[in-house]
Amino acid sequence: MHCTRKITADLFYVGGSDRRLEKFENLFPIPRGVSYNSYVLLDEKTCLLDTVDSSITRQYIENVRHVLGGRKLDYLVIHHMEPDHCANIEEIVVRYPECQVVGNEKTFLYLQQFYPELDLEGRKVVVHDGDVLKLGRHELHFVFAPMVHWPEVMVSYDPTDKILFSADAFGTFGSLDGNLFADEVDFDRDWLDDARRYYTNIVGKYGAQVQAALKKLSGLTLDFLCPLHGPIWRKDIPYLLDKYQHWSTYEPETKGVMIVYGSLYGNTENAAECLASLLSQKGVRDVRVYDSSKTTPSILVSEAFRLSHIVLFTPTYNMTIYPSIEIFVDDFLRMGLKNRCVSFVENGTWAPSANRLLHEKIKEGPFRYVGTDCTIKSSLDEAGLKKLEELSDSIVASL
């Protein structure tokens with residue numbers, strides 16, 4: 001049976017959700033699964049916008065067949081060539097032999113690389129930035145968005161119903177569970193963490209390119225945002241655009257403190273808990289404490305984008321930074337994070353060197369050092385507690 005939904009009079013959702021997948025891109029845990037979105041626009045010409053991952057092929061083909069209702073498919077538009085969106089191109093072009101495939105030059109280059117035996121001779125429509133595909137009452141205006149987050153990415157805009165088909169932009173982790181539109185649920189409660197974690201881990205490195213794309217799209221009136229993952233937006237679109245403005249310029253959403261620790265036997269953890277308590281007592285309302293050995297780096301990176309302050313507690317481990325702390329640091333540096341206040345607390349029974357190594361990784365300039373580095377010898381004592389007290393005062397003052 002089909003599982004489709006009408007978005008406008010002419011636009012239909014034909015995608016679906018995968019709740020079995022445990023890790024997106026085999027890296028990022030997705031306990032709520034993920035949706036793969038695809039759309040059919042019915043006009044004088046019919047148009048399918050993107051395909052889906054191979055995990056939901058059967059449902060997807062049934063959905064497309066139902067919405068077309070016996071009509072031929074005139075066009076398949078490929079906004080993004082990542083396999084979770086292009087895995088059913090061959091299924092479509094075989095089933096609909098009159099279908100023309102629309103993409104840019106890099107689209108077809110990557111298509112050939114992924115599917116070298118797929119023959120599209122005479123069926124390619126190569127578009128350029130600013131080109132228009134006329135379907136009848138509707139038109140698709142193509143806007144290239146390179147490196148958001150692959151080089152071939154483009155989006156398309158339908159001025160008739162003011163719809164932006166935004167590729168991976170504005171997407172989120174999480175299955176749709178019947179709620180196709182963002183306004184059908186409490187977005188902050190049900191979707192915001194997944195939206196932020198999706199952006200920061202998938203697109204986060206490309207803030208400058210996201211900014212360039214936002215500027216190109218800034219003159220458009222948007223009534224609908226149709227991404228390739230997650231819910232569709234038809235209300236409160238400026239709210240989501242504001243989130244993207246913060247994330248893509250690496251400005252924190254919230255003034256608050258994330259404390260991330262690594263701890264072998266609980267002594268470094270105890271010090272981290274003490275700092276959290278001191279901050280709370282001094283009125284800091286958004287304090288989050290994370291064990292780097294237990295919390296997936298994707299959540300830590302997402303929180304680093306959200307909050308203004310990062311405090312790292314790390315033992316010196318084999319004369320280096322504790323491994324799970326170093327993974328977190330490398331991840332947020334790789335994503336281009338900046339404009340955060342950072343503080344360092346090391347623990348060492350002999351020859352502590354973690355703070356020095358953190359300074360070598362996290363340079364002042366993109367980051368602001370707050371407070372004096374603290375060193376704990378094995379376990380927290382009165383002298384160490386006094387240092388944490390002073391550090392907490394410095395953090396509060398910087399907030």
Side-chain angles (χ1 to χ4, degrees), residues 25 28 79-82 85 104 106-107 127-131 140-159 162-173 182 187 191-233 236-255 298 301-308 310 331-342 362-363 365-368:
E25 295 184 349
F28 309 113
H79 291 106
H80 183 24
M81 264 302 301
E82 206 163 0
H85 305 301
N104 57 58
K106 288 183 179 177
T107 304
V127 296
H128 302 89
D129 197 11
D131 281 356
L140 294 178
H141 294 240
F142 295 103
V143 180
F144 284 17
M147 296 315 300
V148 186
H149 59 118
W150 278 26
E152 89 299 352
V153 170
M154 62 183 184
V155 301
S156 62
Y157 179 67
D158 169 21
K162 300 177 177 59
I163 303 169
L164 181 68
F165 299 98
S166 61
D168 269 349
F170 310 117
T172 80
F173 294 136
F187 187 84
W191 284 105
L192 180 56
D193 285 347
D194 275 328
R196 185 189 301 106
R197 193 161 65 91
Y198 177 86
Y199 175 89
T200 56
N201 287 276
I202 305 300
V203 191
K205 179 180 176 66
Y206 305 105
Q209 290 85 356
V210 172
Q211 279 289 297
L214 289 174
K215 288 176 183 176
K216 289 176 75 172
L217 299 170
S218 61
L220 301 179
T221 300
L222 300 178
D223 287 348
F224 293 87
L225 288 178
C226 292
L228 290 177
H229 297 289
I232 294 165
W233 286 75
D236 301 322
I237 290 174
Y239 164 92
L240 186 59
L241 294 176
D242 180 68
K243 293 297 183 186
Y244 263 63
Q245 179 66 20
H246 277 83
W247 298 337
S248 62
T249 56
Y250 305 101
E251 293 296 331
E253 289 175 68
T254 304
K255 288 187 174 183
S298 71
V301 167
S302 180
E303 283 289 82
F305 270 75
R306 182 175 75 87
L307 294 166
S308 59
I310 303 170
D331 274 0
F332 75 66
L333 291 176
R334 190 181 302 114
M335 289 301 168
L337 188 70
K338 56 186 176 181
N339 304 325
R340 294 300 183 276
C341 294
V342 294
I362 305 172
K363 304 297 186 183
F367 296 87
R368 175 187 168 197

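Please read these numbers as outputs of a predicted model, since none were measured by experiment. Heads up: numbering here begins at 1 and tracks the sequence.
In this structure, the separation between CD on Glu253 and CZ on Phe305 is 10.5 Å, given to the nearest 0.5 Å. Interatomic distance, CG of Asp158 versus CG of Asp223, reported as 10.5 Å (0.5 Å rounding). Separation of atoms NZ (Lys338) and OG1 (Thr249) is listed at 8.5 Å; rounding is to 0.5 Å. To the nearest 0.5 Å, the span separating CG on Leu333 from CZ on Phe367 amounts to 5.5 Å. Between Phe170 atom CZ and Leu241 atom CG the span is 5.0 Å, to the nearest 0.5 Å. Here the CZ-OH distance, from Phe224 to Tyr157, works out to 11.5 Å after rounding to the nearest 0.5 Å.
Counting only heavy atoms from C-beta outward, the side chains of Leu240 and Trp191 never approach each other to under 4.5 Å. Side-chain atoms of Ile232 and Cys226, non-hydrogen and from C-beta on, do get closer than 4.5 Å to each other. The shortest side-chain heavy-atom distance between Thr200 and Met335 does not fall under the 4.5 Å cut-off. Val155 places none of its side-chain heavy atoms less than 4.5 Å from the side chain of Val148. By the 4.5 Å heavy-atom criterion applied to side chains, Leu192 and Tyr239 are counted as neighbours. Between Lys106 and Trp150, every side-chain heavy-atom pair lies at or beyond the 4.5 Å cut-off.
Across all their heavy atoms, Met154 and Asn104 have their closest contact at SD-ND2, 3.6 Å. Nearest heavy-atom pair across Pro231 and Phe187 is CG-CE1, 4.3 Å. A pairwise comparison of heavy atoms in Leu222 and Ile237 identifies O-CD1, 3.5 Å as the closest pair. Annotation for Val143 and Asp129: closest pair CA-OD1, 3.4 Å, computed over non-hydrogen atoms. Across Asp194 and Phe173, no two heavy atoms sit closer than the pair CB-O, 3.5 Å. When all heavy atoms are compared, the tightest approach of Glu82 to Glu152 is N-OE2, 4.4 Å.
Using modelled atom types and a 3.5 Å distance limit, the side chains of Gln211 and Ser248 yield a donor-acceptor pair.
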Using the rule given for side chain to side chain contact (heavy atoms under 4.5 Å, CB included), can you reason through Glu25 versus Ile202, listing the C-alpha separation, both sets of side-chain angles and the distance that settles it, and then say yes or no? CA-CA 9 Å; Glu25 295 184 349; Ile202 305 300; 3.8 Å; yes
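Take Ser298 and apply the side chain to side chain contact (heavy atoms under 4.5 Å, CB included) test, not counting sequence neighbours, and it matches Phe28, Pro29, Arg197, Asn201, Thr296.
Checked by atom type and distance alone, the side chain of Arg340 pairs as donor or acceptor with a backbone atom of Leu307 at under 3.5 Å.
Applying the side chain to side chain donor-acceptor pair (under 3.5 Å) test to every pair with at least one member in residues 162-173, sequence neighbours left out, gives these pairs: His80-Asp168, His85-Asp168, His149-Asp168, Asp168-Tyr198.
In this pair, His79 and Phe142 present their aromatic rings tilted. The plane angle is within the 30 to 60° band. Note: Trp247 and Tyr244 have tilted aromatic rings, judged against thresholds of 30 and 60 degrees for the angle between ring planes.
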